[in-house]
2 protein chains.
Amino acid sequence: MSENPADDAAPVARPDLAAMVVPLGRALVAAELPVLRAHDLAMWAYAVLLRLDAEPMRSQAALAQAIGADKTRLIGILDDLAQRGLIRREPDPSDRRARLLSLTAEGHRVRTAVQSAIQEREERLLARLPEADRRGFLRALQALSALSAAELGG
Amino acid sequence: MSENPADDAAPVARPDLAAMVVPLGRALVAAELPVLRAHDLAMWAYAVLLRLDAEPMRSQAALAQAIGADKTRLIGILDDLAQRGLIRREPDPSDRRARLLSLTAEGHRVRTAVQSAIQEREERLLARLPEADRRGFLRALQALSALSAAELGG
DNA sequence: TATTGTTATACTCTATAACTATA
DNA sequence: TATAGTTATAGAGTATAACAATA
């Protein structure tokens with residue numbers, strides 16, 4: 001009758017992954033917001049700086065897809081970043097429909113300052129975990145987030 | 001000049017936690033949705049079943065706070081669950097403003113069936129991780145999700 | 001008056017559709 | 001005609017404010 005505990009009234013061995021991961025993600029985002037606000041950056045703007053620092057992009061559509069954003073919502077973000085001199089945004093000479101996107105030196109500086117502040121906080125949080133769990137957590141997290149959404153769902 | 005790699009152009013050692021956790025959460029939720037849909041349950045309805053199975057609640061406000069939902073959005077969910085006979089929802093005789101909430105036997109059955117299906121999928125995902133990382137991941141996740149949002153942010 | 005539940009409303013984020021310009 | 005970018009619009013999810021019943 002109780003060979004499989006999940007069939008009985010007893011609580012399951014662990015909460016669902018989503019029930020732990022989603023609230024954790026919300027809390028991590030909430031912890032980032034003050035840092036971003038201090039640099040007057042929206043969350044998506046920060047995502048843009050990170051992506052363009054890793055690699056310049058050939059078009060806004062490519063950038064949108066790379067960071068999982070909608071291309072229409074990116075426009076205001078890019079307007080702001082370009083106006084503040086954090087990114088370059090110029091028509092591709094070989095196809096003037098597309099916009100070549102890259103980070104300026106100032107954009108790189110801001111990106112680095114923000115990420116340092118964010119990861120400093122994160123390290124204080126991770127320091128509360130036992131060393132072995134901490135390493136396993138980070139490795140598993142990087143492995144899982146490298147899988148495509150399709151693989152995670154299958 | 002390059003004693004601290006974060007000050008230079010080189011990429012940082014790891015992505016920000018939120019940048020890994022939030023998309024992972026989204027993917028996990030997306031993986032749950034087909035299971036929930038098969039049982040004709042909304043995500044919040046499932047959260048209600050889980051919470052009430054753990055412990056009956058003295059009021060809708062208490063339930064809302066316990067699962068991190070807005071009390072106004074819970075109402076339609078509770079209407080549906082009560083109508084389908086998955087929960088009991090009766091005025092507290094000692095304070096008829098409040099509604100006593102608890103799971104019916106059928107509600108418990110549904111909760112167990114859904115969670116089994118969900119965790120079955122999750123186990124297949126976790127099986128892709130090395131055993132040590134998997135254990136560290138789950139332990140760290142449970143530890144972090146037990147911290148309050150305030151602690152995570154501080 | 002304070003609290004529980006409810007309804008109505010507004011706001012944010014996101015996705016869809018229509019328009020301009022280049023090709 | 002097809003594509004990149006832009007603008008305008010609509011939808012989902014969420015939070016806020018006002019209301020009715022009970023204490």
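Because the structure is predicted, anything quoted here is derived from the model rather than measured. Quick note on labels: first sequence line is chain A, next is B, and so on, each numbered from 1.
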In whole angstrom, give the distance that lies between atom [atom1] of [X] and atom [atom2] of [N].
X        : N      : atom1 : atom2 : value
B:Leu74  : D:dG13 : CG    : C1'   : 14 Å
A:Ile75  : D:dA8  : CD1   : C1'   : 11 Å
B:Leu100 : D:dT22 : CG    : P     : 16 Å
A:Lys71  : D:dG5  : NZ    : C1'   : 7 Å
B:Arg99  : C:dT4  : CZ    : C1'   : 8 Å
B:Arg26  : D:dG13 : CZ    : P     : 14 Å
A:Met43  : C:dC13 : CE    : C1'   : 13 Å
B:Trp44  : D:dA12 : CH2   : P     : 18 Å

Legend entry - Derivation and outcome, side-chain contact (heavy atoms from CB on, under 4.5 Å), residues A:Leu138 and A:Leu126: CA-CA 9 Å; A:Leu138 285 174; A:Leu126 292 172; 4.2 Å; yes

Inset, instruction - Using a cut-off of strictly less than 4.0 Å, decide whether A:Arg73 has a side-chain nitrogen or oxygen near OP1 or OP2 of C:dA15. - result: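 For A:Arg73, the contact criterion (side-chain N or O under 4.0 Å from OP1 or OP2 of C:dA15) is met.
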
As a test of reading the structure: which of [options] is closest to the side chain of [X], going by heavy atoms?
X       : options                : value
B:Arg89 : D:dG5, C:dT6, C:dT4    : C:dT6
A:Thr72 : C:dT6, C:dA17, C:dA23  : C:dA17
A:Arg96 : C:dA15, C:dA23, D:dA23 : C:dA23
B:Asp70 : C:dG5, D:dT6, D:dT16   : D:dT16

Legend entry - Taking every non-hydrogen atom, the tightest pair across B:Ile118 and A:Asp16: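 Minimum heavy-atom separation between B:Ile118 and A:Asp16: CG2-CG, 4.2 Å.
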
Inset, instruction - Please report the closest heavy-atom contact between A:Ile67 and A:Ala47, naming both atoms and the distance. - result: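 The pair with the smallest heavy-atom distance is CG2-O, 4.0 Å.
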
Legend entry - Residue met sooner reading DNA chain D from 5', once B:Pro93 and A:Gln60 are mapped to nucleotides: A:Gln60

Legend entry - Any donor-acceptor N/O pair under 3.5 Å between C:dT3 base and B:Arg97 side chain: yes

Inset, instruction - Can you establish whether the number of heavy atoms outside B:Glu106 located under 6.0 Å from its atom CD is more than 12? - result: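 Check passes, neighbour count above 12.
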
Legend entry - Within 6.0 Å of CZ in A:Arg89, more than 12 heavy atoms from elsewhere: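 Correct, the count exceeds 12.
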
